[in-house]
Amino acid sequence: MEWLDPIYACGHWVPEMVKIAGSADEIGSDGGESVRVSWDQLAEWAPEVLVMMPCGFNLQQTMKQVWQHFGPYSSFASENSAAFFNLPAVQQDRVFAVDANSYFARPGPRVVEGAELLAHLFHPEHFSWNGPPDAYLKVDLDLLRGSFAEKRDYYRDGEAIVFTSSYLQRRGYCCGSGCRHCPY
């Protein structure tokens, strides 16, 4: 997904990167501009892996978009959450956010690393990722559904509820609230 709302499938060089990485993007536009697709088209295609890479966004910006569009308190979620959560990639827990700005948004030498990253995301049993750990994040779908667990995700400090560093890292971005354990 090159954009989340509205949905844009990848274009330009990214569909070729997907092929090089050993997969197929049937709704992207190989060599052409990114194309807007409907939720019905995306559901019909039924992706097995979903890589969210909003054009020009780094990983934190991408995760902020993921939460704004698919999180439990999103107005967007009420419109399209069923379509999103019924995608095979979501049901099989194979949804990733990436640093699109560094690996996919500009033609240049780093697209080679972007293809390696895609190969790892598509076929982790065959391709390891030796690049920076902040190049991608597996989207924690339980958090997106609003499922939080005491001790793992938060603890109580008197009357206050404090999010843990584990929760904040899995959320993947700083919301600017000044969280006590924010790693960003």
Side-chain angles (χ1 to χ4, degrees), residues 1-4 7-31 34 37 39 41-55 57-67 69-71 81 83-145 147 149 152-153 164-173 183:
M1 296 174 74
E2 192 168 302
W3 203 248
L4 309 183
I7 300 172
Y8 273 81
C10 294
H12 307 286
W13 48 87
V14 177
E16 184 176 359
M17 293 171 70
V18 170
K19 287 179 194 170
I20 290 168
S23 197
D25 181 353
E26 301 292 328
I27 60 175
S29 178
D30 194 1
S34 303
V37 296
W39 277 100
Q41 288 171 292
L42 187 60
E44 183 179 313
W45 188 55
E48 295 174 3
V49 178
L50 191 57
V51 181
M52 298 182 186
M53 56 173 70
C55 185
F57 282 22
N58 65 28
L59 184 57
Q60 281 193 38
Q61 292 167 315
T62 299
M63 285 303 297
K64 186 173 184 177
Q65 288 289 305
V66 169
W67 273 81
H69 295 294
F70 305 112
S81 63
F84 173 75
F85 286 107
N86 284 324
L87 292 173
V90 176
Q91 292 179 349
Q92 297 167 15
D93 198 26
R94 298 200 63 203
V95 180
F96 303 93
V98 297
D99 178 351
N101 192 44
S102 294
Y103 299 99
F104 303 99
R106 296 186 196 116
R110 296 218 43 207
V111 298
V112 173
E113 293 173 350
E116 291 172 352
L117 176 56
L118 289 175
H120 171 68
L121 299 178
F122 299 151
H123 310 287
E125 66 282 359
H126 299 295
F127 298 99
S128 60
W129 173 246
N130 299 314
D134 62 350
Y136 77 97
L137 185 65
K138 185 174 185 177
V139 175
D140 191 315
L141 298 165
D142 286 336
L143 289 182
L144 279 185
R145 290 182 182 102
S147 176
R152 182 189 70 180
D153 299 320
T164 65
S165 60
S166 169
Y167 165 82
L168 296 168
Q169 288 172 334
R170 287 179 294 130
R171 184 180 67 196
Y173 77 96

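What you see is a predicted model, and the numbers here were worked out from it, not measured in a lab.
- For the pair V66 and Q61, the minimum side-chain heavy-atom distance is 4.5 Å or more.
- Scanning for ring pair (Phe, Tyr, Trp, His ring centres under 6.0 Å) contacts around Y167 gives F148, F163, with sequence neighbours left out.
- Shortest non-hydrogen contact noted between Q169 and P183 is CG-CG, 3.6 Å.
- R171 and D140 are not joined by a salt bridge, as no carboxylate oxygen comes within less than 4.0 angstrom of a charged side-chain nitrogen.
- Closest of all the heavy-atom pairs between F85 and L141 is CE2-O, 4.3 Å.
- Taking 4.5 Å as the limit, some side-chain heavy atom of F96 sits within range of a side-chain heavy atom of V49.
- Note on ring orientation: taking the six-membered ring where Trp is involved, the planes of F57 and W3 are perpendicular (angle over 60°, cut-offs 30° and 60°).
- Within the 3.5 Å criterion, the main-chain N or O of R152 finds a donor-acceptor partner in the side chain of T164.
- One distance of note links CG of L144 with CZ of F70; it measures 8.5 Å at 0.5 Å rounding.
- Closest of all the heavy-atom pairs between L4 and P54 is CG-CG, 4.3 Å.
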### Task
Quick one: do N86 and Q91 satisfy side-chain contact (heavy atoms from CB on, under 4.5 Å)? Show the steps, please.
CA-CA 6 Å; N86 284 324; Q91 292 179 349; 3.6 Å; yes

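- Between the side chains of H69 and Q65, a donor-acceptor pair is found at a separation under 3.5 Å.
- W13 places a side-chain N or O within donor-acceptor distance of the main-chain N or O of F104, the cut-off being under 3.5 Å.
- Considering OH of Y103 and CG of N58, their distance stands at 11.5 Å, rounded to 0.5 Å.
- In this structure, H12 contributes its side chain and G31 its backbone to no donor-acceptor pair below 3.5 Å.
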### Query
Given W39 and L87, is the side-chain contact (heavy atoms from CB on, under 4.5 Å) satisfied, shown in steps?
CA-CA 10 Å; W39 277 100; L87 292 173; 4.3 Å; yes

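- Contact detail for L59 and A97: the closest heavy-atom pair is CD1-O, 3.5 Å.
- Within 6.0 Å of atom CD in Q92, more than 12 heavy atoms from other residues, nucleotides or ligands are found, so the atom counts as buried in its surroundings.
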### Message
Determine whether V51 and M1 satisfy the following criterion, side-chain contact (heavy atoms from CB on, under 4.5 Å), listing intermediate values before the conclusion.
### Response
CA-CA 6 Å; V51 181; M1 296 174 74; over 6 Å; no

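- Of all the heavy atoms in L118 and A21, the pair that sits closest is CB-CB, 3.6 Å.
- In this structure the side chain of W129 reaches within 4.5 angstrom of the side chain of E116, judged on heavy atoms.
- Under a 3.5 Å cut-off, the side chain of T62 and the backbone N or O of V98 do form a donor-acceptor pair.
- Distance check, rounded to the nearest 0.5 Å: SG of C10 to CG of D30 gives 11.0 Å.
- Here the straight-line distance linking atom NZ of K19 with atom CE of M17 works out to 13.5 Å at 0.5 Å rounding.
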### Query
Can you list the steps and then say if H120 with Y136 is a side-chain contact (heavy atoms from CB on, under 4.5 Å)?
CA-CA 11 Å; H120 171 68; Y136 77 97; 3.2 Å; yes

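- Atom CD of Q60 has more than 12 heavy atoms from other residues, nucleotides or ligands within 6.0 Å.
- Taking OG of S166 as the start and CG of L143 as the end, the distance is 8.0 Å to the nearest 0.5 Å.
- The two residues P15 and D25 come nearest to each other via the heavy atoms CG-OD2, 4.4 Å.
- Atoms OG and CG, from S23 and L121 in turn, are 10.5 Å apart once rounded to the nearest 0.5 Å.
- Legend: salt bridge (Lys or Arg N to Asp or Glu O under 4.0 Å) pairs involving residues 87-111, not counting sequence neighbours, sorted by first then second residue: D93-K138, R110-E113.
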